[in-house]
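Take a look at the structure below.
All values below were derived from every heavy atom in this structure, side-chain atoms included, with hydrogens, water molecules and symmetry-related copies excluded. The structure presented is a predicted model; accordingly, all values stated were derived computationally and were not measured.
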Amino acid sequence: MPLMVLPWPATAAIWWSQLCERVNTCGDSGSDPMTSADSLLRTFAAVLAAVLFWLIVPPFGLHWLNWISLVPILWALRKETPRANIRYGFIYGFFSIALLFQWVAETVALFGDLPMVAAIGILALFAALFGAPYILIYATVHPLRERLGVGWIAVTPAVAVLTEYLTSLVTLFPFQHGSTLYRVPTLIQLASITGVWGLTYLIYLVNCALAEAIYRRREGNSVLPIAPWVATALVLGAVLAFGTWRVGRVEAVLAEAPTVRIAQLQMKFSMIERLVRGAKWSLRKWVAATRLIEPGSADIVVWSEAAYPYFLNETDDDTLAELAREGRFELIVGAGAREPVPGTEDSGEFNAFNTVYFFDAAGQLVGRYNKMIPVPFGEYMPFGSIFPGLNDFVPTEGIYVAGDVPTVVEGAHLRVATPICYEAIFGRVCNRFERPDILVNVVNDGWFGESAATHQHAMLAAIRATELGVPVFRAAYSGVSMVVEPHGVIRYETEPYTDVSRVVPVRIAKLDTVYGRLGDWFVVFCFGLLVGAVFVARRFTRLAP
């Protein structure tokens, strides 16, 4: 496959370059860059790359476009127009984020009671802010190529990995490009070594190798970059060979692995209907769905994030304990917890936690986990401690504070870690749980309606199974729910907004992975590669006559 996948996109890229030369648009015309034909074509190329990226992400899921999707934006870059390169990098970033997160406008308009025009304005601001980091990738392409020659093909992907990692520390909804390969098991096995970052690197590597053909043609060099293509093909071949071997190895382990029966529950109603009909109505729905599970047929039943619509530690409701006893199963429930702020008991101030509770089959509460990363603007307001008035805009009962203990509950069948909602899109967070047998990711994507958000969220979480070598059981309030096995194979995937009440067998195998032991080491490697490249470039520049 690697030797076949490279030539035809490269040929198409060269044809594009030749077409532009024929209309005299490949050079710098010297006229106003925003009105020249060259600027229009380059702007179109940047937007086209963003559209291709959007098509790669679910629900479209055209993951094969990954191998050519960045070629248009790379074509738009010119070594003689560094300022324009910044602009086109921003255009690509802006439209990529705007298309990817267009559901932000829908959600803000729906739950913020704002006109759609205002919501689109918020989306535009969001896209401008979080699309800007792409400038770091594309503004450095030609400076790296000028100093490193063909070596830029290996270094630019490292810049992309570092950009993704650094933005994941501050962005509201981090996104890793490599996760778009989540439905290709033979490729994503690389994540067991490098984490998702290695997949991002691989995607950029292939696109940069193709772009080198365009740059050589533009410079009048008719010699195709065979050596970089062969090197890239060898890397792809090695990844595929390793992936094929690991998928077979994991499948052999799973064939001998014990099976745990876990009940998969899901509701067809959104948060709008829940808010209209009330908390008691939604609770009755979850209880009814649980009673459909035949007693003794499940080892564990999972309720999603916020399925129990009250602060469970403040209620004497025995419903959950009764369900566990009657059904003879352990019960994992997403709910809330509320505790007085230390030292303010008399004033009635409290902290709220987004919490998962674990009941044993006797109905006893045996464990609890508080979410360690609350969602900005949903569960807390940034700078709310400095400007307390901002906290009035949080759509929850009190500010949700962060837990600080990555709790793993020792159940009768499994050691269970329960990352809540978007915690599962952070490999570094899930890696803090001490060697669980399974990650049970409880989620409530019902806030986003029938948008792409829930599909994207599931995609970002699915890669954790391969990274950490354990199954992931994703329990979403209204979908998408799924089981992801340790080699990334997805089973029992549900459609959003459908009622589900069934027991699914989950094969339990815990495999050692390099990523599980070393964490984000590949990010450090990319940083070292970039620093080394800069050092080499400066040294050779000084030695040049």
Should we count [atom1] of [X] as having more than 12 external heavy atoms under 6.0 Å?
{"X": "Glu219", "atom1": "CD", "result": "yes"}
{"X": "Asp512", "atom1": "CG", "result": "yes"}
{"X": "Arg517", "atom1": "CZ", "result": "yes"}
{"X": "Phe527", "atom1": "CZ", "result": "no"}
{"X": "Glu493", "atom1": "CD", "result": "yes"}

Any chance you could lay out the side chain to side chain donor-acceptor pair (under 3.5 Å) test for Glu164 and His177, step after step, and finish with the verdict? CA-CA 8 Å; Glu164 275 194 1; His177 200 144; 4.7 Å; no
To the nearest 0.5 Å, what is the distance between [atom1] ([X]) and [atom2] ([Y])?
{"X": "Ile56", "Y": "Ser96", "atom1": "CD1", "atom2": "OG", "value": "9.5 Å"}
{"X": "Ile203", "Y": "Ser69", "atom1": "CD1", "atom2": "OG", "value": "7.5 Å"}
{"X": "Thr466", "Y": "Leu190", "atom1": "OG1", "atom2": "CG", "value": "10.5 Å"}
{"X": "Ser451", "Y": "Phe101", "atom1": "OG", "atom2": "CZ", "value": "11.5 Å"}
{"X": "Leu77", "Y": "Tyr138", "atom1": "CG", "atom2": "OH", "value": "8.0 Å"}
{"X": "Phe525", "Y": "Thr194", "atom1": "CZ", "atom2": "OG1", "value": "10.5 Å"}

Between [X] and [Y], which heavy-atom pair has the shortest distance, and what is it?
{"X": "Gly488", "Y": "Ile188", "answer": "CA-CD1, 3.8 Å"}
{"X": "Thr200", "Y": "Gln176", "answer": "OG1-C, 4.2 Å"}
{"X": "Thr454", "Y": "Pro496", "answer": "CG2-CG, 4.2 Å"}
{"X": "Phe90", "Y": "Ala128", "answer": "CE1-O, 3.5 Å"}
{"X": "Leu460", "Y": "Pro174", "answer": "CD1-O, 3.8 Å"}
{"X": "Asp445", "Y": "Gly479", "answer": "CB-O, 3.9 Å"}

Taking [X] for the side chain and [Y] for the main chain, is one N or O donor matched with an acceptor at less than 3.5 Å?
{"X": "Tyr477", "Y": "Val442", "result": "no"}
{"X": "Tyr215", "Y": "Leu74", "result": "yes"}
{"X": "Tyr497", "Y": "Gly449", "result": "yes"}

With side-chain contact (heavy atoms from CB on, under 4.5 Å) as the test, would you mind laying out the steps for Tyr182 and His63 before giving the verdict? CA-CA 9 Å; Tyr182 77 119; His63 57 78; over 6 Å; no
Indicate yes or no: does [X] engage [Y] in a salt bridge with an N to O separation below 4.0 Å.
{"X": "Glu423", "Y": "Lys371", "answer": "no"}
{"X": "Arg428", "Y": "Glu467", "answer": "no"}
{"X": "Arg145", "Y": "Glu212", "answer": "yes"}

Would you mind listing every side-chain hydrogen bond (donor to acceptor under 3.5 Å, both in side chains) that reaches into residues 50-59, with sequence neighbours excluded? none
Hey, does [Y] have a side-chain heavy atom less than 4.5 Å from the side chain of [X]?
{"X": "Pro225", "Y": "Val150", "result": "no"}
{"X": "Pro228", "Y": "Trp152", "result": "no"}
{"X": "Arg474", "Y": "Val484", "result": "no"}
{"X": "Pro59", "Y": "His455", "result": "yes"}

Does the side chain of Gln266 pick up a donor-acceptor pair with the side chain of Ser304 at under 3.5 Å?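 Ser304 and Gln266 do not have a side-chain donor-acceptor pair below 3.5 Å.
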Verify the ring-centre separation between Phe522 and Trp197: is it less than 6.0 angstrom?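 Aromatic pair excluded; centres sit 6.0 Å or further apart.
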Sole residue of Thr259, Ile438, Leu414 in side chain to side chain contact (heavy atoms under 4.5 Å, CB included) with Val506: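 Of the listed residues Thr259, Ile438, Leu414, the side chain to side chain contact (heavy atoms under 4.5 Å, CB included) partner of Val506 is Ile438.
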Check each of Tyr88, Phe94, Phe95 against Val47 using the side chain to side chain contact (heavy atoms under 4.5 Å, CB included) test, and report the only one that passes. Phe95
Partner of Phe175 under ring pair (Phe, Tyr, Trp, His ring centres under 6.0 Å), chosen from Phe426, Phe130, Phe53: Phe53
